[in-house]
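Single-structure report; data block below.
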Amino acid sequence: MSTPQDIGLFQTIEERHSVKKYEKGFVIPEQDVTEMLEAAIKAPSSWNLQHWKFLVIDDQDKKEQLLPIAYNQKQIVDSSFTVAILGDLQANKNAEVIYQSAVDKGFMPEDIKNTLVGQINGAYEGNTPFPRDEAVLNASLAAMQLMLAAKAKGYDTCPMGGFQRTRFVEEFNVPERYVPVMLLTIGKAAEPARQSERFLLEDVVIKNTF
Ligand SMILES: Cc1cc2nc3c(=O)[nH]c(=O)nc-3n(C[C@H](O)[C@H](O)[C@H](O)COP(=O)(O)O)c2cc1C
């Protein structure tokens with residue numbers, strides 16, 4: 001059964017916390033999973049290249065395999081599933097498809113498309129940190145959107161950077177094109193998250209210039 005809560009954005013943000021204890025065996029309806037992922041892919045991205053792939057790990061054996069890779073953090077096996085957020089290191093390859101579609105639908109003239117595709121391919125040339133920076137940056141925006149979408153539907157999440165990336169890539173057959181950005185557990189909370197604090201706004205906001 002779906003559990004839409006339709007809570008407002010600010011309340012969703014307030015209520016999202018990194019939950020580590022989940023109701024074991026809780027199954028999230030497929031429709032909710034789809035709607036959460038649909039929300040995630042609405043995230044903005046540089047040149048609209050959509051530098052993300054979502055590896056959804058919901059098979060119990062696969063979760064068990066992932067557990068030691070994630071330093072035995074139990075939320076991997078107790079949550080309903082884990083989404084490995086992958087960033088696209090060759091997102092420039094998406095440009096032709098995305099912009100040709102825009103041309104075909106009359107959203108963009110052909111010459112603008114050709115200029116943009118040329119610019120994008122130019123930016124990805126050479127051995128620079130740019131493709132990796134872009135992959136991590138843009139995939140992270142989708143991850144954030146997925147966390148908020150899950151919370152708005154009444155589920156909880158935990159973003160996780162604590163996992164062995166090389167081993168993950170090997171054991172889950174991640175193609176070279178993609179970099180693992182984070183793991184995201186999603187499920188029904190069994191216990192609330194540990195309380196966390198934030199710096200005061202005045203500590204983090206700088207107006208106009210340092
Ligand atoms: C990139 C990233 C990596 C994180 N890695 C882990 C992790 O490996 N394990 C874990 O339990 N929490 C992890 N967290 C959760 C943070 O500890 C948590 O977001 C922070 O303490 C603030 O708490 P809150 O999310 O409940 O507001 C990570 C969060 C982020 C954004």
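All heavy atoms count here, side chains included; hydrogens, waters and symmetry mates do not. Numbering of ligands and ligand atoms starts at 1, following listing order.
Atom 9 (N) of ligand 1 has Q73 OE1, 2.7 Å as its closest protein atom, hydrogens excluded (heavy atom only). Of all protein heavy atoms, the one lying nearest to atom 2 (C) of ligand 1 is G161 N, 4.3 Å. Here the heavy atom of the protein found nearest to atom 8 (O) of ligand 1 is G162 N, 3.0 Å. Among all protein heavy atoms, the one lying closest to atom 23 (O) of ligand 1 is S196 OG, 3.3 Å. The protein non-hydrogen atom at the shortest distance from atom 17 (O) of ligand 1 is K20 NZ, 4.8 Å.
At a 4.0 Å heavy-atom cut-off, ligand 1 touches S18 through backbone and side chain alike. With a heavy-atom cut-off of 4.0 Å, R198 touches ligand 1 through its side chain alone. Counting heavy atoms closer than 4.0 Å to ligand 1, residue A70 contributes nothing at all.
Remark: the D104 side chain and the Q100 side chain contain an N/O donor-acceptor pair separated by less than 3.5 Å. Counted by atom type alone, N48 and Q50 present one or more donor-acceptor pairs between their side chains at under 3.5 Å. Side-chain contact, R198 with S196: a donor N or O sits under 3.5 Å from an acceptor N or O.
Counting heavy atoms from C-beta outward, L146 and I186 have side chains that approach closer than 4.5 Å. Taking the side chain as every heavy atom from C-beta outward, Q90 and Y124 never approach each other to under 4.5 Å. I98 places none of its side-chain heavy atoms less than 4.5 Å from the side chain of W47.
Among E197, Q75, H17, the residue whose heavy atom lies nearest to atom 24 (P) of ligand 1 is H17.
Near R16, with a cut-off below 4.0 Å to any heavy atom, the atoms of ligand 1 are 24 (P), 25 (O), 27 (O). Listed by atom number, the atoms of ligand 1 under 4.0 Å from C158 heavy atoms are 10 (C), 11 (O), 12 (N).
Shown are K20, R16, K151; of these, the salt bridge (charged side-chain N to carboxylate O under 4.0 Å, His left out) with D156 is made only by K151.
Every heavy atom of M144 sits 4.0 Å or more from the atoms of ligand 1. Look at Q195 and you'll find every heavy atom at least 4.0 Å from all atoms of ligand 1.
At under 3.5 Å, a nitrogen or oxygen of P159, whether backbone or side chain, sits near a nitrogen or oxygen of ligand 1.
More than 12 heavy atoms of other residues, nucleotides or ligands sit less than 6.0 Å from atom CD of E64. Within 6.0 Å of CD on Q60 lie more than 12 heavy atoms contributed by other residues, nucleotides or ligands.
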